[in-house]
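A short write-up of the structure that comes next.
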Amino acid sequence: QVRLVESGGGLVQAGGSLRLSCAVSGRTLTYYATAWFRQAPGKEREFVGGMSWTGSSTYYRDSVKGRFTISRDVGANMVHLQMNSLNAEDTAIYYCATNDVRHGTIETGMNYYNHWGQGTQVTVSS
């Protein structure tokens, strides 16, 4: 059974940083793409960024490029989202996700992912 657990959310001032983590159990990271999504109040869940199954490529939505970085720790089977220069528009619940497509590509649509964590709240005060 695949399980994802996010951690690291919290309250931060605008301009600050947070590092989110996603612990994956039930399978190894190295064969599947992983992604981060977020959902702000009253808005649809949106793609933030993703990492390929090889770990060698990443892709981000335009609004976080240059500020957010996805990395992974294969030994710990964890994925991280480093968020810098945070602003109020980054306030949301952040989710990590993966799917069952072995050696799949990074997909930006929610429907491509069938394993989700419970989410972690990120609040940026201005």
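Predicted model only: the values in this text are computed from it and were never measured. Below, each value reflects all heavy atoms present in this structure, side chains not excepted, and no hydrogens, waters or symmetry copies.
Placement of Phe47 and Ile93 within a single hydrophobic cluster is found when ILVMFWY residues are connected by side-chain heavy-atom separations under 4.5 Å, directly or transitively. Criterion: ILVMFWY side-chain heavy atoms under 4.5 Å apart, direct or through other members. Under it, Val5 and Val79 are not part of a common hydrophobic cluster. Residues Tyr32 and Trp116 fall into different hydrophobic clusters, defined by Ile, Leu, Val, Met, Phe, Trp and Tyr side chains chained together at heavy-atom separations under 4.5 Å. Criterion: ILVMFWY side-chain heavy atoms under 4.5 Å apart, direct or through other members. Under it, Trp53 and Ile70 are not part of a common hydrophobic cluster. Residues Val12 and Leu81 are members of one and the same hydrophobic cluster, defined by side-chain heavy-atom contacts under 4.5 angstrom among Ile, Leu, Val, Met, Phe, Trp and Tyr.
Residues forming a ring pair (Phe, Tyr, Trp, His ring centres under 6.0 Å) with Tyr95 (at least two apart in sequence, or on another chain): none.
Taken to the nearest 0.5 Å, the CE atom of Met51 stands 6.0 Å off from the CZ atom of Arg72. With values rounded to the nearest 0.5 angstrom, Leu4 atom CG is found 12.0 Å from Tyr113 atom OH. One distance of note links CD of Gln1 with NE2 of His115; it measures 9.5 Å at 0.5 Å rounding. Atoms CG and CG, on Asn99 and Asn111 in that order, are 11.5 Å from each other to the nearest 0.5 Å. For the atom pair Ser71 OG and Arg19 CZ, the distance stands at 5.5 Å (nearest 0.5 Å).
Residues Thr54 and His103 form no side-chain contact, since every pair of their non-hydrogen atoms from C-beta on lies 4.5 Å or further apart. Counting only heavy atoms from C-beta outward, the side chains of Leu11 and Ser125 approach each other to under 4.5 Å. Side-chain contact between Leu20 and Glu6 is absent, with no heavy-atom pair separated by less than 4.5 Å.
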Under the side chain to side chain contact (heavy atoms under 4.5 Å, CB included) rule, what do Val101 and Tyr112 come out as? Steps first, then yes or no, please.
CA-CA 9 Å; Val101 181; Tyr112 289 98; over 6 Å; no
Report the C-alpha separation of Val122 and Met83 in whole Å, then their side-chain angles, then the decisive distance to 0.1 Å, and conclude whether the side chain to side chain contact (heavy atoms under 4.5 Å, CB included) test is met.
CA-CA 10 Å; Val122 172; Met83 306 185 296; 3.8 Å; yes
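When all heavy atoms of Ser85 and Ser17 are compared, the pair lying nearest together is N-OG, 4.3 Å. For Gln39 against Lys43, the heavy-atom pair with the smallest separation is NE2-O, 3.1 Å. Closest non-hydrogen pair, Ser21 versus His80, comes out as OG-ND1, 2.9 Å. What you find for Gly50 and Ile106 is that their closest heavy atoms are O-CD1, 3.5 Å. Here the closest non-hydrogen pair linking Leu29 and Val24 is CD2-CG2, 3.7 Å.
Between the Asn77 side chain and the Ala23 main chain, no donor and acceptor come within less than 3.5 Å of each other. A donor-acceptor contact shorter than 3.5 Å is absent between the side chain of Thr123 and the backbone of Thr91. In terms of modelled atom types and a separation under 3.5 Å, the side chain of Thr98 and the main chain of Ala33 share a donor-acceptor contact.
You'll find the ring centres of Phe68 and Trp36 outside the 6.0 Å limit.
Evaluation of the salt bridge (charged side-chain N to carboxylate O under 4.0 Å, His left out) test over residues 83-108, restricted to residues two or more places apart or in two chains, returns Arg27-Asp100, Arg38-Asp90, Arg67-Asp90.
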